[in-house]
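First up is the structure itself, then whatever we jot down about it.
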Amino acid sequence: MSHLVGFRFAEVLLPRPLANGFTYEIPTELSPHIRIGTRVLVQFGPRKIYSAIVIRLHNNAPDNYEPKQILEVLGPVIDDVRNLQFWQWMAEYYMCTPGEVMNVALPSRLKLESETQLQCLIEEEYWDENLEAEDREILTITRNSPETTLNDLVKQYGTAAAKRAKKLVDIGVLGIKESIKYHSLEKWIKVVHINAHKKKEIEAILHPKTKAKAQQNIVLAYYQLQAEGHLFITREMLLNRSTSTIAALDALVRKNILEIREIKESALFSRSGVQAAKLTEAQQEAYEKILKTFAENKIALLHGITSSGKTELYVHLMKEIEKSGGQCLMLVPEIALTTQLINRLRHFFGERVSLYHSRMTDRERSDVWESVRKNDPGSQLVVGARSAIFLPFSNLKLIIIDEEHDSSYRQDAPNPRYQGRDSAIYLATLFGAHVLLGTATPSVESYFNTLQGKYGLIELHQRYEGLQLPEVHLINIREEKKKNRMKGNFSQTLIEAIDDALRRKKQTIIFQNRRGYSPKLICEDCGTVQMCDRCDISLTIHKAVHRLKCHYCGREKSIPPACVVCGSIHLKMLGAGTEQIEDELSSLFPGARIERLDLDTAQSKKRYNKMLTDMESGQIDILVGTQMVTKGLNFTKVEVVGVVNADNLLYFPEYRAHERAFQLLEQVAGRSGRSGQVGKVFIQTYNTGHPVLTFVKTHDYKAFYEWQSQERKTFLYPPFVRMIHLMLRHKDLKLLQKASIELTSMLKSVSEILVIGPEFPPVNRVNNYYRMGIFLKIPRNKSYLKTKRQIWSVCLDFFTHPEYKTVKFFFEVDA
DNA sequence: AGCACGCCGACT
DNA sequence: GTCGGCGTGCTC
Ligand SMILES: [Zn+2]
Ligand SMILES: [Zn+2]
């Protein structure tokens with residue numbers, strides 16, 4: 001068997017939650033174009049055509065079925081097998097299928113799926129008289145718009161229409177065709193050249209009295225860009241710089257002064273940015289420690305308080321990678337990917353930075369994918385959110401994970417339910433790349449690893465220019481109420497602080513970890529709370545849009561004028577969200593400029609960006625918001641930070657709640673005190689004595705860690721054990737409970753693991769599915785992989801039981 | 001996950 | 001009788 005002959009069969013992965021790969025035959029003529037990582041078109045099922053990825057090549061003809069043939073080769077999407085190994089690892093580690101991993105890994109532009117198109121084959125005059133009106137309607141639609149799909153019909157007329165259409169196909173009046181929309185992946189860029197020998201014409205354009213001002217601006221912009229050292233001047237850049245329109249540019253092209261050539265984007269040379277700034281003494285020391293840690297092949301954890309200059313260190317490290325020609329990935333929490341950060345990195349790395357996150361368009365994402373795959377200089381440095389770990393790297397040298405502790409690195413639904421930080425660490429080991437974790441408040445896991453000697457710890461505790469840490473004041477809501485010093489949700493102390501800041505033209509940030517106006521609408525007469533009819537949770541009032549919304553399933557409805565049970569019109573709102581806080585602030589400080597930053601207002605990119613620039617330039621006095629105000633924003637005029645109520649952070653029923661509370665409070669506190677004045681933080685609470693708050697007050701991470709790790713050691717939580725959360729779902733509550741109880745007892749057969757539960761999660765019904773969870777605790781000295789396999793086999797066994805077949809389940813590994 | 005097939009209740 | 005509901009099982 002010679003490898004020159006090529007393989008006869010390919011195992012492919014489909015973007016579906018299927019446990020195994022599927023084998024297709026390779027037509028001889030396609031054989032030379034197919035390798036591992038090639039994207040191919042295959043038929044799967046009776047009609048549908050999908051793009052799939054080749055994961056294995058072989059010559060073993062299957063004996064129990066006749067494989068279908070690969071229809072077409074779409075080209076490579078992954079060049080380095082290590083990326084596929086990464087997918088495989090993730091599926092196994094996070095207990096899901098490789099298809100599910102593929103589904104999140106690939107930008108959707110790379111996932112083709114055919115649609116069934118219908119065409120009317122017979123002229124109206126020959127239509128059978130016996131056809132019903134609905135049939136005629138289907139025929140009319142398909143005749144008028146020949147691209148009508150089966151899905152279009154279903155969307156418009158319901159599933160019945162699909163059955164009708166199939167009948168029409170059977171009797172031969174309707175034709176059926178699978179159609180796929182192909183996408184070109186190569187990006188062509190229009191590059192502009194100037195014909196310098198056209199001296200006279202150029203002089204004429206540049207003449208101060210020229211009538212063609214727009215054209216003059218373009219020529220000037222061209223010279224400006226050239227002077228800045230750009231090797232390629234694209235049409236895009238020219239139009240942006242000159243503010244002229246395409247019309248003016250076309251005129252110059254017609255005069256033969258400018259010339260436009262199209263080149264592939266991958267052929268562009270990218271200009272690098274400026275040199276990195278010199279490090280301070282403390283930073284230099286930290287830098288050397290990081291290098292030393294890397295030299296020992298260890299992961300480095302950089303524990304540096306806000307404003308200690310972590311980003312400068314990142315830049316220095318990335319500069320080194322840039323010089324060596326390797327690829328570097330910088331992970332950032334999604335909401336911290338602000339223009340502020342991007343501009344800063346562009347300054348240092350010019351056009352060698354690529355962005356990758358979910359708010360980008362599909363086209364932009366697949367462009368970055370291709371660019372990384374080809375190892376273009378334009379994507380030597382990728383700054384991205386969680387999903388950037390799936391990019392097809394081939395020469396990855398360094399991964400930086402900023403805000404390492406951030407909970408948004410975890411994807412909690414759907415599968416794969418993975419921890420992006422931990423996955424990135426595994427990715428790095430596949431490539432032999434170094435990893436730097438950066439944070440002001442390390443996660444308990446990471447800090448634990450430094451104490452175990454697994455990670456190197458680098459501390460950077462000197463703030464810039466001797467900036468001082470903010471003063472934290474705890475305000476006892478109960479006491480304030482007694483003294484009649486609460487106005488709505490605000491204590492007199494906080495009001496006075498805001499007032500003082502306003503008078504001195506300083507900014508204030510108010511943090512409330514809940515969006516909407518109020519989380520509960522309750523009837524004062526019968527006590528009925530407006531609940532979501534699909535979930536076991538109260539509906540949140542969104543006053544601005546006058547609607548009730550479910551934050552779990554997304555359903556919304558208008559606010560009822562009266563109680564739906566007793567008809568009473570005495571409806572009261574309980575609890576406060578950001579909208580209400582904003583309202584209260586406007587009446588407390590009528591003249592102040594107040595803005596709100598939360599998921600609802602950040603929907604519009606424009607409004608979001610405006611808010612950030614207004615905040616920077618001092619156009620906003622008070623910014624109210626959820627966690628979004630705690631991330632990535634470097635506002636320099638903020639002096640006061642207020643936390644409306646810390647208690648809902650502290651008493652969340654989850655073992656990580658205290659860690660999260662500490663991190664959030666420290667971060668929001670860190671927003672203040674960059675203006676030269678010492679920042680002031682006011683935390684309102686009923687529990688001034690809570691340990692977390694005392695640690696925040698003294699900014700004492702180590703004390704917090706000691707306390708928290710003691711708790712987790714005592715009550716057996718990670719990092720002292722491994723923990724997996726197994727969740728069961730079903731529409732029938734009784735069946736779900738029975739299944740959960742039985743499975744729990746079966747899982748106890750797996751040796752040495754601790755099985756806890758089953759218990760209901762805080763919200764026990766979402767989208768009409770009841771949920772029950774089982775916690776599995778696994779000792780650290782036991783093989784994680786082997787135990788997971790045992791758990792899998794118990795579950796597979798259990799869920800093939802006829803009674804429990806319909807119960808759905810999923811795992812949250814390292815929950 | 002889709003999608004088809006097939007088995008049962010309610011409406012011409 | 002037929003239509004349409006959803007439960008069940010397969011997809012190379
Ligand atoms: Zn009522
Ligand atoms: Zn809901």
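First the proteins, then the strands, lettered A, B, ... as listed; each starts at 1. Basis for what follows: all heavy atoms, side chains included, without hydrogens, waters or symmetry-related copies. Just so you know, these numbers come straight off a predicted model, no measurement behind them.
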Requested in this report: Measure from CD1 on A/Ile49 to C1' on B/dC3 and round the result to the nearest Å.
Outcome: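 In whole Å, B/dC3 C1' and A/Ile49 CD1 are 15 Å from each other.
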Query - Whole angstrom value for the distance that separates P of B/dG2 from CG of A/Leu14 - result: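 Those two atoms, CG and P, are 12 Å apart.
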Residues [X] and [Y]: side-chain donor-acceptor under 3.5 angstrom:
X	Y	answer
A/Asn59	A/Arg8	no
A/Thr28	A/Ser31	no
A/Glu137	A/Tyr157	yes
A/Tyr182	A/Glu72	yes

Report task. Do nucleotides 3-12 of chain C as a string where each nucleotide becomes B, S or -: B if the base has a protein heavy atom under 4.0 Å, S if just the sugar-phosphate does, - if no protein is that close. Result -> SBS--SS-BB
Query raised in the report: Just to confirm, is there a sub-4.0 Å distance from OP1 or OP2 of B/dG2 to any side-chain nitrogen or oxygen of A/Arg16?
Result: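 For B/dG2, OP1/OP2 do have a side-chain N/O of A/Arg16 under 4.0 Å.
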Requested in this report: Tell me which of A/Lys166 and A/Lys808 sits closer to the 5' end of DNA chain B, going by the nucleotide each one is nearest to.
Outcome: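 The residue closer to the strand's 5' end, by nearest nucleotide, is A/Lys808.
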**Report entry** Atom pair CG (A/Leu106) and CZ (A/Phe390), whose distance is rounded to the nearest 0.5 Å
**Finding:**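 Separation between the atoms: 10.0 Å.
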**Report entry** Residues, nucleotides or ligands: over 12 heavy atoms within 6.0 Å of A/Lys68 NZ
**Finding:**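 Yes, the 6.0 Å shell around NZ holds more than 12 heavy atoms from other groups.
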